[in-house]
Asker: 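Can you read through this structure? Questions will come right after.
Only heavy atoms go into these numbers, but all of them, side chains included; no hydrogens, no water, no symmetry mates.
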Number of protein chains: 2
Amino acid sequence: MADKTAGATTRDEILKVALDLFTDKGFEGTSIRDIADALGMTKSSLYYHFVNKDDIVASLMKDRESEVDELLEWTEQHAELNGLLRAAALHWLDGTTPERIKAMRLAQSNQPVIRRMTEGARSDPFERVFDLLLGPNASIADQLHARVVFNAVNAVLLASRGVDGSLEDILAVARRIVVELTP
Amino acid sequence: MADKTAGATTRDEILKVALDLFTDKGFEGTSIRDIADALGMTKSSLYYHFVNKDDIVASLMKDRESEVDELLEWTEQHAELNGLLRAAALHWLDGTTPERIKAMRLAQSNQPVIRRMTEGARSDPFERVFDLLLGPNASIADQLHARVVFNAVNAVLLASRGVDGSLEDILAVARRIVVELTP
DNA sequence: GTCTATATAGAGATAGAC
DNA sequence: GTCTATCTCTATATAGAC
C-alpha cells in the first residue's frame, strides 16, 4: 500500500506507541503529550496525522473490524455443522494474532471509552454470530455460557495478571477451556 | 458503628453514587462535579468526606479486602482437600454478593487506575491462595487455567455485555463453568 | 456539614512559520 | 511533516464564611 522504504511510517509508529500507552495507563490516563514524548516529537505533530485523540483509538479498533466480519461469514457458511459453537470458537481462536491480543488488552483496559465510542455505531457483528450459534430460543444461561466460550482468550487475559504467559501459553489454555466447556 | 438514624450516612451515599458512575463512565471519565451533581450537592462538600478523588475509589476497594482474607484463611484450612481447586472456587462463588459483583465491575472498568492504586501496596492475598492451590511446580498453563477457574464470575461479567442476566443467572453460569473446568 | 469563590494546573486543540 | 507559541476549557483541590 504505502511506499514503505526505510523504517515504519510515522502514522504506524504513533499507533504502536499509543496502543502500548493506552493499554498500560488507560486512554484518559495517557495524554497526547505522553505519546508525543515517547516518540520524540511534539503534540502538534500528532494532530497532523490524527484529527483528535479519539481518532487514534478509533484507528486502533478499526484495524480489527474485518476479522469479525470474516468470523460472521465463516459462521454463516457452517451454520449446519454439528458442534458449531466449539468449531466457531476454535476457528476464532486459530485466527488470534499478537495484534488481536493487543487489541483485546486495549479494549479490556478501556471499557468505558470503547463503549462510548462504539455506542450508536453499526450493530455489533458479534451479535449476529451469536444469533446463528444459539438460535432464537436460547435461555439467558445458554447465551451467557456461549459468550464465555467465545471469550476464552479474553478470560485468560483477564485472569493472567501476575503470570507472564507467552502467546502460545495463552492460546493453549484458551483452547483447553473452549474444549472443556463444549462437550 | 456510626449512629445511623434515618437515611444512609452521607458518606455511604457518596460511595454508592460514585461506584455507579465510575463503573459506567470510568474513573477519569467521571468528574467530582458529576458525583456532586448526582447527589445534589457541591464539589466542595465531597472534600469534607474524602481527601481526594483517589480516596473515593480506594474506599470502594477497601470494603472488599476482608473477603479475600477470608478466602485465604479458608484455603489454608482445607489445603489437604481433594479437588481443592474446584472446592475453593465454589466457596468463593458462594460468597458472591451483589456488592462484590459491583466491585468486580468497577475493577474491570478501571483496570489501569486500579493497577496504579494497588501497585506498591501489600502483596495480593489472592497470590497466596494460588500458591496453596497449585503448589510450587505448576506449569504456566496450569497457573493460567486455575486463575481462569477462579475468575469464572469475572469471565461471565466480561462476556455478558449485551445480555441482561440477573445475579442468579450470572452465578449459575459461573458455577457451571467452574464445574466443567475442574474434572 | 455545606456553601461560594477562587487558585492552579494540565488537558486537548489550533494558528501559522519553516 | 514538524515546530513554537498560544488559546481555551475543564479538572482537581483549597480557603474561608455560615
Asker: According to a strict under-4.0 Å criterion, is A:Thr42 in side-chain N/O contact with OP1 or OP2 of D:dT2?
Answerer: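 No, A:Thr42 has no side-chain N/O under 4.0 Å of OP1/OP2 on D:dT2.
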Asker: Nearest to the side chain of B:Tyr48, which nucleotide is it out of C:dG1, D:dC3, D:dG1?
Answerer: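 The closest nucleotide is C:dG1.
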Asker: May I have the distance from B:His49 (atom NE2) to C:dT2 (atom C1'), rounded to whole angstrom?
Answerer: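 Those two atoms, NE2 and C1', are 8 Å apart.
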Asker: Is it true that B:His78 and B:Glu73 share a donor-acceptor pair across their side chains at a distance under 3.5 Å?
Answerer: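 Side chains of B:Glu73 and B:His78: no pair found under 3.5 Å.
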Asker: Whole Å only: how far is the CG atom of A:Asp37 from the C1' atom of D:dC3?
Answerer: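 To the nearest whole Å, that distance equals 14 Å.
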Asker: For nucleotides 12-16 of chain D, tabulate all protein N/O to nucleotide N/O atom pairs closer than 3.5 Å, reporting atom names and distance.
Answerer:
from, atom 1, to, atom 2, distance (Å)
D:dT12, OP1, B:Ile32, N, 3.3
D:dT12, OP1, B:Lys53, NZ, 2.9
D:dT12, OP2, B:Ile32, N, 3.0
D:dA13, OP2, B:Tyr47, OH, 3.2
D:dA13, OP2, B:Lys53, N, 2.9
D:dA13, N6, B:Lys43, NZ, 3.3
D:dT14, O4, B:Ser44, OG, 2.8

Asker: At their closest point, which heavy atom of A:Arg161 faces which heavy atom of B:Glu127, and how far apart are they?
Answerer: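 Nearest heavy atoms, A:Arg161 then B:Glu127: O-OE2, 4.3 Å.
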Asker: For A:Arg64, what residues pass the salt bridge (charged side-chain N to carboxylate O under 4.0 Å, His left out) criterion, not counting sequence neighbours?
Answerer: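 In terms of salt bridge (charged side-chain N to carboxylate O under 4.0 Å, His left out), with neighbours along the sequence ignored, A:Arg64 is linked to A:Glu67.
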Asker: Report yes or no: do A:Asp169 and A:Ser166 form a side-chain donor-acceptor pair below 3.5 Å?
Answerer: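 Per modelled atom types, A:Asp169 and A:Ser166 side chains form a pair under 3.5 Å.
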Asker: Using whole Å, what does the distance between atom C1' of nucleotide D:dT2 and atom CZ of A:Arg11 come to?
Answerer: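 Atom CZ in A:Arg11 sits about 17 Å away from atom C1' in D:dT2.
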Asker: Whole Å only: how far is the CD atom of B:Glu13 from the P atom of C:dT2?
Answerer: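 Rounding to the nearest Å, CD of B:Glu13 and P of C:dT2 are 11 Å apart.
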Asker: Regarding B:Ser59 and B:Arg11, do their side chains bring together a donor and an acceptor under 3.5 Å, going by distance alone?
Answerer: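 B:Ser59 vs B:Arg11: donor-acceptor pair found between side chains.
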Asker: Give the rounded distance in Å between these two atoms: CZ of A:Phe50 and P of C:dG12.
Answerer: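 Rounding to the nearest Å, CZ of A:Phe50 and P of C:dG12 are 15 Å apart.
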Asker: Which nucleotide in the set D:dC3, D:dG1, C:dG1 lies at the smallest distance from any side-chain heavy atom of A:Met41?
Answerer: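 Among the listed nucleotides, the one closest to the side chain of A:Met41 is D:dC3.
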Asker: Using 4.0 Å as the upper bound for N to carboxylate O, is an ion pair formed by A:Glu180 and A:Arg176?
Answerer: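 Judged by the 4.0 Å cut-off on N to carboxylate O distance, A:Arg176 and A:Glu180 do form a salt bridge.
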